[in-house]
Amino acid sequence: MATVLFPSMLFLARVSGLVVAFLVLFWALAFKSNFLNPSLPQHEDAIYKVLHPVLMVIGFILLTGEAILVHRWLPGSKGSKKLVHLCLQGVALVSGVFGIWTRFQGRDGFVANFYSLHSWMGLICVSLFGAQWLTGFLNFWHRGEVRRVRIRILPWHVFLGLYTYALAVATAETGLLEKLTFLQTQRNISKHSLESMIVNTLGLALALLSGFVILAAVSPKFQILQTKLLYSDTRSLSS
């Protein structure tokens, strides 16, 4: 049963990721008038408003999920897998930072946008992600730490990685709820409109995606694989 479960989880994660990417792009492009701010020129609106959900969901959340599962789907040596993992996380971090930057542009500035639970969670999530990436680089790629320290850090690295990923998904859900509430109350968009259905479906797809990714990451077979990679790596360091 385990041999069937893992390919299935990987397949479902990929399918849900494609659904999420399609819904984000369709929502941002087909309904971009709901993202535009009349006080800014058209090209600035497209950068500051439409790019925010695209960068945070596709660039940050989807790439983070792929990086979490990189040891499951990428063939080759453990060194190449670690490099791809590091690079994917680095691109995700850049996307997250730039995505937050686009959100805090405009005539109201940074402070006016730092008022909601969504904004607070987003800043905490990206900050934690940056610290996690730096810690992973120093301890698992740069190899500046001794074997004992790396063994102790690994469970915390895995936990914080999954926690940050789950926090990113939760942050996206609060952002979708915040945006949809604004559209329905301020612009009188019906609860049964196509845009409302797309946003709700996107939220559901994100929840399913995170479930598949985390289940594949914490499954016993995957944990055994990670342990073997760790100990083979530490033995090579001690020799």
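Values in this document were obtained by computation on a predicted structure and should not be read as measured data.
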Is there side-chain contact between [X] and [Y], with at least one heavy-atom pair below 4.5 Å?
X: F129; Y: Q89; value: yes
X: V126; Y: M56; value: yes
X: L55; Y: F60; value: no

Under the side chain to side chain contact (heavy atoms under 4.5 Å, CB included) rule, collect the residues that match up with [X], sequence neighbours excluded.
X: L25; answer: V54, I58
X: L177; answer: T181
X: V94; answer: none
X: S196; answer: L180, Q184, I189, S193

Over all atoms of both residues, closest heavy-atom pair of [X] and [Y]:
X: A67; Y: L88; answer: CB-CB, 3.8 Å
X: L183; Y: E195; answer: CD1-OE2, 3.3 Å
X: V50; Y: P53; answer: O-CD, 3.2 Å
X: G122; Y: I100; answer: O-CD1, 3.7 Å

Please round to the nearest 0.5 Å and tell me the distance separating atom [atom1] of [X] and atom [atom2] of [Y].
X: M197; Y: S190; atom1: CE; atom2: OG; value: 7.5 Å
X: F22; Y: I198; atom1: CZ; atom2: CD1; value: 8.0 Å
X: L128; Y: M121; atom1: CG; atom2: CE; value: 12.0 Å
X: K179; Y: L202; atom1: NZ; atom2: CG; value: 13.5 Å
X: L93; Y: F98; atom1: CG; atom2: CZ; value: 14.0 Å
X: Y163; Y: C125; atom1: OH; atom2: SG; value: 9.0 Å

Please table the atom pairs, donor to acceptor, closer than 3.5 Å between any side-chain atom in residues 166-176 and protein atoms at least two apart or in another chain.
from	atom 1	to	atom 2	distance (Å)
T171	OG1	L167	O	2.7
T174	OG1	H118	ND1	3.2
T174	OG1	T171	O	2.6

Do the side chains of [X] and [Y] join up, straight or via other hydrophobic residues, at under 4.5 Å, putting them in one cluster?
X: L194; Y: V20; value: yes
X: L62; Y: V97; value: yes
X: V218; Y: I61; value: yes

For Y165, all residues meeting ring pair (Phe, Tyr, Trp, His ring centres under 6.0 Å), sequence neighbours excluded: none
Which pairs pass side chain to side chain donor-acceptor pair (under 3.5 Å) with one or both residues in residues 125-134, sequence neighbours excluded?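 The answer is Q132-H157.
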Please report, to 0.1 Å, the donor-acceptor pairs under 3.5 Å made by any side chain of residues 9-19, with sequence neighbours excluded.
from	atom 1	to	atom 2	distance (Å)
R14	NE	E66	OE1	3.3
R14	NE	E66	OE2	2.9
R14	NH2	E66	OE1	3.2
S16	OG	L12	O	2.4

I'd like to know if the side chain of H85 and the backbone of V70 have a donor-acceptor N/O pair within less than 3.5 Å. no
Which pairs would a plain distance check flag for residues 203-213, meaning a side-chain donor or acceptor within less than 3.5 Å of a matching protein atom at least two apart in sequence or in another chain?
from	atom 1	to	atom 2	distance (Å)
S210	OG	L206	O	3.3
S210	OG	A207	O	2.8

